[in-house]
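My questions will all concern the structure given below.
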Amino acid sequence: MHRKKWGSLFLVLALVAVLALGGCQPAGESEPEVETREADVVVIGGGGAGLAAAVTAADHGAEVILLEKMPRLGGNTLISGCAYNAVDPERQSKQGIEDSIDLHFQHTYEGGDKKGDPELIRVLVENALDGLHWLESLGCEFKDEVYTVLGALWPRSHTNVKPLGTGYIEALENAARERGVEILLETKAEELVQEEDGRVTGVKAVDADGKEVIFKARKGVVLATGGFSANVEMRTKYNPRLTAEIPTTNHPGATGDGIVMAEKVGAEFVGMEYIQLLPTGDPETGSLAGWLAPGVDQMIYVNKEGKRFVAEDERRDVMTNALFEQPDALMYVVSDANSVWEVTSFGETEEQLVEMGKVQKADTLEELAEKINVPPENLVETVAKYNEAVENNHDPEFGKKLLGHKIETPPFYASPRVPTVHHTMGGVKIDTLARVISKDGNPIPGLYAAGEVTGGIHGTNRLGGNAIADIIVFGRIAGESAANSK
Ligand code: ADP
């Protein structure tokens with residue numbers, strides 16, 4: 001009896017000891033060591049901002065590792081409409097367009113309801129053209145003509161020769177590889193490594209085999225993880241209206257991982273509630289593809305009643321809010337034969353779009369109205385009124401200013417569009433050197449950020465075409481700052 005009692009006590013003590021020493025591990029085996037890699041600069045995210053940062057850091061002598069969680073590079077940059085805003089006297093003067101850096105500043109600042117940081121906006125508008133020339137030097141080709149992309153407010157949008165954002169990503173990826181940047185796909189950053197003194201010195205990630213790897217950064221970490229439009233939980237936290245029913249233009253990896261990681265190291269955030277929607281989403285996919293994409297001066301929007309309801313050259317938020325007020329929040333983009341691009345910026349031709357049923361085509365407006373099921377007499381009247389506005393260069397109904405040409409040359413086109421979540425303008429606070437600012441107002445040593453993960457540039461409403469300029473300008477700055485970090 002006595003011996004049995006001692007025996008049980010011994011067993012309990014042994015069990016406690018085993019648990020304290022690490023559970024059920026067989027004796028003699030220690031914890032598997034976590035693999036550690038090291039570089040001067042570790043970039044998280046392989047979209048436009050991350051690649052621009054990686055290339056620039058390498059140009060400043062840094063050994064760079066870039067982590068990308070998806071199986072391919074590109075992020076939202078790759079699937080973007082690729083418009084790049086820059087005041088470009090060389091191109092614009094050929095089209096008789098007057099522009100200035102100050103006007104670009106004013107459009108950006110006021111177009112964002114003066115909620116953007118004027119210092120960051122200055123950096124953006126003053127360096128946009130240099131960023132464009134830098135891309136050209138890396139082999140990225142732009143078309144000669146500039147135009148006004150949706151919500152750009154002025155004809156200073158440049159477009160690539162290649163479709164979507166492929167031109168940017170190809171050129172940047174080639175440049176990164178030529179400079180010896182190590183690109184690791186399917187490698188997801190999970191956490192920033194922060195020392196007791198606050199310095200960020202690395203990244204904990206999970207590699208393609210599901211193994212944890214610690215990437216130590218001798219100089220700096222660049223956060224370039226993009227936005228959170230594809231994370232319904234996160235976006236509804238900041239704007240409860242943006243439920244799962246509203247589609248998004250974004251790639252599935254736009255889940256705001258950088259926001260979560262930055263929060264844990266004490267970063268400050270700005271403008272998280274400013275989430276941009278576009279009125280031009282594909283009703284099935286939310287994508288911006290699937291319609292003939294002329295400049296805003298070459299088309300009108302009509303609702304299911306065949307009536308216009310907003311100036312088509314308005315700010316993106318104004319147009320989307322107006323669309324939410326229309327029956328079923330559905331509209332049609334209507335244009336004519338004069339507004340057909342040979343190939344849209346999404347790489348689609350008129351023929352393909354018509355064949356896929358994404359775009360309806362007809363020889364008369366009446367026929368077009370029948371096809372999209374809107375009252376023909378309304379559509380005819382709407383277009384007549386619009387043409388009168390073009391003729392008088394005055395749109396008394398909606399105040400559209402960019403009145404390019406009449407809609408009068410058959411065939412006519414229409415494609416249905418709905419509101420779609422596009423861009424998260426808020427994010428981590430940075431300064432003009434792309435240093436991440438902490439809640440106490442000081443830069444977090446060793447941590448830099450660029451691109452959609454940052455906030456404070458676009459205010460409440462981003463101008464169309466400003467995002468690509470932003471990611472290139474601040475991506476380059478972040479890369480340089482990280483490479484030069486002590
Ligand atoms: P930006 O325009 O700011 O460059 P993108 O959306 O183009 O933004 O690119 C961001 C990239 O970051 C995407 O390719 C995305 O898959 C990647 N990314 C997001 N979260 C992580 C993460 N946790 N680890 C590694 N890559 C990430």
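Both counts, for ligands and for their atoms, begin at 1 and track the order of listing. For reference, positions follow the sequence shown, starting with 1.
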When rounded to the nearest 0.5 angstrom, what is the spacing between CD1 in Ile97 and CD in Gln95? 4.0 Å
Check each N or O atom of ligand 1 against all protein N or O atoms and list the pairs under 3.5 Å, with atom names and distances to 0.1 Å, one per line.
{"residue": "ligand 1", "atom": "2 (O)", "partner": "Thr77", "partner atom": "OG1", "Å": "3.2"}
{"residue": "ligand 1", "atom": "3 (O)", "partner": "Glu452", "partner atom": "N", "Å": "2.8"}
{"residue": "ligand 1", "atom": "4 (O)", "partner": "Gly48", "partner atom": "N", "Å": "3.2"}
{"residue": "ligand 1", "atom": "4 (O)", "partner": "Ala49", "partner atom": "N", "Å": "2.9"}
{"residue": "ligand 1", "atom": "6 (O)", "partner": "Asn76", "partner atom": "N", "Å": "2.9"}
{"residue": "ligand 1", "atom": "7 (O)", "partner": "Gly74", "partner atom": "O", "Å": "3.4"}
{"residue": "ligand 1", "atom": "7 (O)", "partner": "Asn76", "partner atom": "N", "Å": "3.2"}
{"residue": "ligand 1", "atom": "7 (O)", "partner": "Thr77", "partner atom": "N", "Å": "3.0"}
{"residue": "ligand 1", "atom": "7 (O)", "partner": "Thr77", "partner atom": "OG1", "Å": "2.6"}
{"residue": "ligand 1", "atom": "14 (O)", "partner": "Glu68", "partner atom": "OE1", "Å": "2.6"}
{"residue": "ligand 1", "atom": "14 (O)", "partner": "Glu68", "partner atom": "OE2", "Å": "3.2"}
{"residue": "ligand 1", "atom": "14 (O)", "partner": "Gly75", "partner atom": "N", "Å": "3.3"}
{"residue": "ligand 1", "atom": "16 (O)", "partner": "Glu68", "partner atom": "OE2", "Å": "2.6"}
{"residue": "ligand 1", "atom": "20 (N)", "partner": "Asp257", "partner atom": "OD2", "Å": "3.4"}
{"residue": "ligand 1", "atom": "23 (N)", "partner": "Ala189", "partner atom": "O", "Å": "3.0"}
{"residue": "ligand 1", "atom": "23 (N)", "partner": "Asp257", "partner atom": "OD2", "Å": "2.9"}
{"residue": "ligand 1", "atom": "24 (N)", "partner": "Ala189", "partner atom": "N", "Å": "3.0"}
{"residue": "ligand 1", "atom": "26 (N)", "partner": "Lys69", "partner atom": "N", "Å": "3.1"}

Sub-3.5 Å donor-acceptor pair from the side chain of Asp317 to the main-chain atoms of Leu277, do we have one? no
Hey, does the side chain of Thr166 reach the backbone of Lys162 with a donor-acceptor pair shorter than 3.5 angstrom? no
Which residue is it: Asn321, Leu463, Asp113? I am looking for the one with a side chain to side chain contact (heavy atoms under 4.5 Å, CB included) to Arg315. Asp113
Taking only residues two or more places apart in sequence, or in another chain, which ones meet Asp440 in a side-chain contact (heavy atoms from CB on, under 4.5 Å)? Ser438, Asn442
Angle class for the His458/His423 ring planes (parallel below 30°, perpendicular above 60°, tilted otherwise)? perpendicular
